[in-house]
Amino acid sequence: MPAAGTPVRSAVPSTTELSPIWHPSPNFGPRRDGLKPALIVLHYTAMESASAALERLCDPGPEVSAHYLIGRNGVLWQLVREEDRAWHAGAGEWHGQTDINSRSIGVELDNQGDHPFSEPQMNALEQLLSKLMRRWSIPPDGIIGHSDMAPGRKTDPGPRFDWQRLELQSLAAPTGTEAPSETTFRELAQVRGYTADVDDDILLKTIRLRHRPWAKGPLHPDDFKALALPPHPT
Ligand SMILES: [Zn+2]
């Protein structure tokens, strides 16, 4: 239910497909300079339960909030409209730009940082990310951790977070600095025995079938790892 005095129109959350539970926080304002979300910042709550986190994110005292909170059972809450500026990022910068709150959507994951993120939670996150990325035209490299934009100050979502899982679905930028090249991939594949004359797409599918059967999407640095030669015996 919207808080008393909240105009009905602004109380309607803009995400309906995933049916988030609307749990409005008073901690928000307008995005500055007419900015629109270009980033999605992932956090963990570092609290013992989702209800404790909800309480804090809606408490006017600490002045913190996020657009979404995902419980460890996959329940999704929305606290701030995507059009509005939630208070999750704080001081920091990314690509030389500050005021990350005006440029981002904040997603909190119910986790204390010392245990793996559950399957239902990751699943809900993936659904949410693909919807947000489509709605706001955010590319995979716009999905960042709080630690990425606040190095030294923040460590969430932490080493337990499975970035690779997101990368494999193009829900985050792949690790690695060099753009994977089809030609280099073919050369490596030939060394490993894949000399049959097929096009790039079939070659990639064939190698994945054997080494990374779950993988989808374009050529990824991990496809190169699958072809790496074992170290020479000494
Ligand atoms: Zn955070």
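Counting convention: from 1, in listed order, for ligands and their atoms alike.
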Stepwise salt bridge (charged side-chain N to carboxylate O under 4.0 Å, His left out) check, Asp59 with Arg56
CA-CA 5 Å; Asp59 179 349; Arg56 182 173 161 82; over 6 Å; no
Which atom name would you report as the N, O or S atom of His43 nearest the Zn ion (ligand 1)?
ND1
Proximal heteroatom of His146 relative to the Zn ion (ligand 1) (N/O/S):
ND1
Taking only Lys NZ, Arg NE, NH1 and NH2, and the carboxylate oxygens of Asp or Glu, determine whether Arg165 and Glu126 approach each other closer than 4.0 Å.
yes
Using a strict threshold of under 4.0 Å (side-chain N to carboxylate O), is an ion pair present between Arg160 and Asp114?
no
Asp156 near the Zn ion (ligand 1): N/O/S under 2.8 Å
yes
Using modelled atom types and a 3.5 Å cut-off, is there a donor and acceptor pairing between side-chain atoms of His43 and backbone atoms of Thr45?
no
